[in-house]
Amino acid sequence: MSAGRYDWPFFGDEHRAFAERVAAFARDVEIEDDEARPAETCTAWVRALGAAGLLRCCVPNDGKSVDVRTLCVAREHLGYRSALGDFAFAMQGLGIGPVSLFGNAEQRARYLGRVATGELIPAFALSEREAGSDVAALQTVAVRDGDGYAIDGEKMWISNAGLAGVYLVFARTGGPGARGLSAFAVDAETPGVEPGEPIETIAPHPLAAVSFRGVRVPERARIGAEGDGFKIAMATLDVFRSTVGAAAVGMARRAFDESVVHARERKLFGAPLGALQLTQSSLAHMATELDAASLLIYRAAWTKDNGAARITREAAMAKWFATEAASRICDRAVQLFGGLGVTRGSIVERLYRDVRALRIYEGASEVQQLVIARSVLEA
């Protein structure tokens with residue numbers, strides 16, 4: 001991966017040093033992604049990332065705020081090396097994000113240190129079968145029960161389901177709509193927490209439904225005040241949404257680099273594949289979209305790190321453009337590789353599958369367009 005972009009004014013010396021550190025980790029770590037055993041592979045990645053001290057940047061426990069540029073640098077390099085490695089890192093940050101950003105001192109002390117070392121795996125339990133993009137429509141309820149709450153409902157498409165030691169659960173404590181939601185930290189061993197069977201996807205990772213049946217939690221498990229749940233969820237996604245685009249760029253950059261090597265080495269009609277003008281056109285499109293995506297991502301991250309309370313518009317633009325561009329880049333790579341590109345197990349075939357989900361999770365591309373358009377119309 002080229003280091004030239006770290007000379008952009010978005011970065012300081014600490015970001016450049018961190019980029020070298022995470023790149024060396026990704027290069028040297030001895031973990032091979034096993035699609036048949038995604039849970040075991042992700043657990044190994046969490047342990048390795050924790051041992052290397054890299055998880056501390058996504059779960060700060062010293063009163064500092066999360067540096068979004070550092071998160072993006074990490075996800076770009078990890079995405080380049082391994083989709084499951086990137087997933088493991090990202091979910092440690094997103095999963096415990098409500099506590100990192102809004103938790104009280106007791107909650108932070110209870111969870112953040114163990115997440116940062118890789119001892120504890122969290123899960124962000126927001127989506128439901130009928131409430132994915134429309135968060136305000138979720139139906140899981142948390143009813144006052146003595147000095148605590150009883151939580152009932154089912155969450156769907158929950159990353160780290162079955163692996164997690166704590167679920168960050170969003171449930172309805174009030175009336176309909178966004179203002180009736182609250183957030184809770186629910187330990188996995190709490191009676192009534194039941195992960196379902198793994199959900200198989202085109203790019204396997206730990207994913208399942210989780211049922212909450214009469215799950216009793218004390219009041220201290222609530223994060224923030226009653227009714228703060230929607231605000232907590234959106235603010236958490238604001239921070240981590242840009243990083244999804246960074247992961248997409250990492251995967252796309254790997255596809256691009258593999259394509260450049262292939263174009264130089266593959267002979268066709270007595271000359272390198274790269275001598276063909278159509279090949280050069282594909283590579284030009286790929287290179288330009290990579291830079292454009294990177295600029296949007298790090299613009300959003302820089303804006304947040306420099307004191308912006310919310311970066312909803314910037315993060316939506318970065319996530320939408322970068323994930324869509326990455327899909328186009330990986331598709332072009334498959335085309336350039338021809339038969340090898342659709343051969344199961346080849347690098348570009350795996351990247352083609354890995355990158356696809358990024359256009360859906362943490363806000364589908366269509367939702368990002370609505371967010372952007374609304375910000376334009378309300379300006």
Problem set entry | side chain to side chain donor-acceptor pair (under 3.5 Å) assessment of D187 paired with Y111 | CA-CA 10 Å; D187 292 335; Y111 295 113; 2.8 Å; yes
| field | Step-by-step side chain to side chain contact (heavy atoms under 4.5 Å, CB included) determination, L101 to I232 | value | CA-CA 8 Å; L101 300 174; I232 291 170; over 6 Å; no
- Item | Worked verdict on L283 versus L336 for side chain to side chain contact (heavy atoms under 4.5 Å, CB included) | CA-CA 10 Å; L283 294 175; L336 287 171; 4.2 Å; yes
- D33 and S82: side chain to side chain donor-acceptor pair (under 3.5 Å), yes or no, with the steps? CA-CA 7 Å; D33 287 359; S82 158; 2.6 Å; yes
TODO: Could you go through the side chain to side chain contact (heavy atoms under 4.5 Å, CB included) check for D67 and C57 one step at a time?
DONE: CA-CA 7 Å; D67 185 85; C57 68; over 6 Å; no
Show your working on side chain to side chain contact (heavy atoms under 4.5 Å, CB included) between V135 and L181 and close with a plain yes or no. CA-CA 10 Å; V135 174; L181 306 181; 4.3 Å; yes
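Of the possible donor and acceptor atoms, one in the side chain of Q139 sits under 3.5 Å from a partner among the backbone N and O of A137. In this structure, the side chain of D238 engages the main chain of I311 through a donor-acceptor pair within 3.5 Å. The backbone N or O of P191 sits nowhere less than 3.5 Å from a side-chain atom of R213 that would complete a donor-acceptor pair. Put simply, the side chain of E349 gets close to the backbone of G345: a donor and an acceptor are under 3.5 Å apart. With hydrogens and angles disregarded, no donor-acceptor distance shorter than 3.5 Å links the side chain of T190 to the backbone of V215. Side chain of D152 to main chain of G214: a donor-acceptor pair is present (N/O by atom type, distance under 3.5 Å, no hydrogens or angles). Under a 3.5 Å cut-off, the side chain of R172 and the backbone N or O of G177 do form a donor-acceptor pair. Remark: the backbone N or O of S211 is not paired with any side-chain donor or acceptor of K155 at under 3.5 angstrom. Counting only distance, with no hydrogens or angles, the side chain of T288 and the backbone of H285 share no donor-acceptor pair below 3.5 Å. Judged purely by atom type and a 3.5 angstrom limit, E128 uses its side chain to pair as donor or acceptor with the backbone of T140.
Closest non-hydrogen pair, V46 versus L55, comes out as O-CD1, 3.8 Å. Residues S282 and R332 approach most closely at OG-NH1, 3.5 Å, considering heavy atoms. Pairing each heavy atom of V22 with each of A74, the nearest pair is CG2-CA, 4.2 Å. Looking at every heavy atom in both residues, A275 comes nearest to Q280 through O-NE2, 3.5 Å. When all heavy atoms are compared, the tightest approach of A248 to A322 is CB-O, 3.9 Å. The nearest pair of heavy atoms linking Q92 to G118 is NE2-CA, 4.4 Å.
With a 6.0 Å radius and a threshold of 12 heavy atoms from other residues, nucleotides or ligands, I202 has its CD1 atom above the threshold. For R179, the CZ atom is loosely surrounded, since the number of other residues' heavy atoms within 6.0 Å does not exceed 12. Crowding of R310 atom CZ: a count of heavy atoms from other residues, nucleotides or ligands under 6.0 Å exceeding 12. The environment of E189 atom CD is dense: over 12 non-hydrogen atoms of other residues, nucleotides or ligands sit within 6.0 angstrom. Open room surrounds CG on D147; 12 or fewer heavy atoms of other groups in view lie less than 6.0 Å from it. Few gaps surround CZ on R144; more than 12 heavy atoms of other groups in view lie less than 6.0 Å from it.
Using a 4.0 Å cut-off between a side-chain N of Lys or Arg and a carboxylate O of Asp or Glu, E20 and R16 do not qualify as a salt bridge. Using a 4.0 Å cut-off between a side-chain N of Lys or Arg and a carboxylate O of Asp or Glu, R328 and E289 qualify as a salt bridge. Ion pairing of R254 with E258 is present here, as a side-chain N (NZ or NE/NH1/NH2) and a carboxylate O approach within less than 4.0 Å.
Of the inter-residue distances, the one linking E35 atom CD with R353 atom CZ reads 4.0 Å to the nearest 0.5 angstrom. Taken from CZ in R350 to CD1 in I347, the straight-line distance is 11.0 Å, to the nearest 0.5 Å. For the atom pair S242 OG and K319 NZ, the distance stands at 11.0 Å (nearest 0.5 Å). Atom CG of L351 is separated from atom OG of S327 by 11.0 Å, given to the nearest 0.5 angstrom. To the nearest 0.5 Å, the span separating CG on L276 from CZ on F269 amounts to 7.0 Å. How far NE2 of H77 is from CG of L54: 11.5 Å, rounded to the nearest 0.5 Å.
The side-chain heavy atoms of L78 and L49, taken from C-beta on, include a pair separated by under 4.5 Å. Considering only heavy atoms from C-beta on, V376 comes within 4.5 Å of R313 through its side chain. Contact of the V371 side chain with the R241 side chain is not registered, since no non-hydrogen atoms from C-beta on lie closer than 4.5 Å. At a threshold of 4.5 Å between non-hydrogen side-chain atoms, the residues H262 and V348 do not count as touching. Residues V239 and L71 form a side-chain contact, since some pair of their non-hydrogen atoms from C-beta on lies under 4.5 Å apart. Contact of the I121 side chain with the R47 side chain is registered, since non-hydrogen atoms from C-beta on lie closer than 4.5 Å. Using a 4.5 Å heavy-atom threshold, the side chains of L290 and V249 count as touching. Residues F102 and D228 are not in side-chain contact: their nearest non-hydrogen atoms beyond the backbone lie 4.5 Å or more apart.
Residues R222 and S182 bring no donor and acceptor atom of their side chains to less than 3.5 Å of each other. Between S294 and R253, the side chains place a donor N or O and an acceptor N or O closer than 3.5 Å (distance only, hydrogens not considered). With hydrogens and angles left out, the side-chain atoms of T303 and E314 include no donor and acceptor closer than 3.5 Å. In summary, the side chains of D86 and W45 do not present any donor paired with an acceptor at a separation below 3.5 Å, with no hydrogens or angles considered.
Residues L207 and I360 do not share a hydrophobic cluster, clusters being chains of Ile/Leu/Val/Met/Phe/Trp/Tyr side chains in contact below 4.5 Å. Residues F124 and W157 do not share a hydrophobic cluster, clusters being chains of Ile/Leu/Val/Met/Phe/Trp/Tyr side chains in contact below 4.5 Å. Connection of Y361 to M91 is not established within any shared hydrophobic cluster, with ILVMFWY side chains joined at heavy-atom distances below 4.5 Å, either directly or through further cluster members. At a threshold of 4.5 Å between side-chain heavy atoms, the hydrophobic network of Ile, Leu, Val, Met, Phe, Trp and Tyr places M156 and V210 in two separate groups. Residues L94 and L126 share a hydrophobic cluster, clusters being chains of Ile/Leu/Val/Met/Phe/Trp/Tyr side chains in contact below 4.5 Å.
Of the residues E324, E366, Q368, the one that meets the side chain to side chain donor-acceptor pair (under 3.5 Å) test with R359 is E324.
Aromatic pair F170/F230: ring centres not closer than 6.0 Å.
For the ring pair (Phe, Tyr, Trp, His ring centres under 6.0 Å) test, residues two or more places apart in sequence or in another chain that qualify with F184 are Y149.
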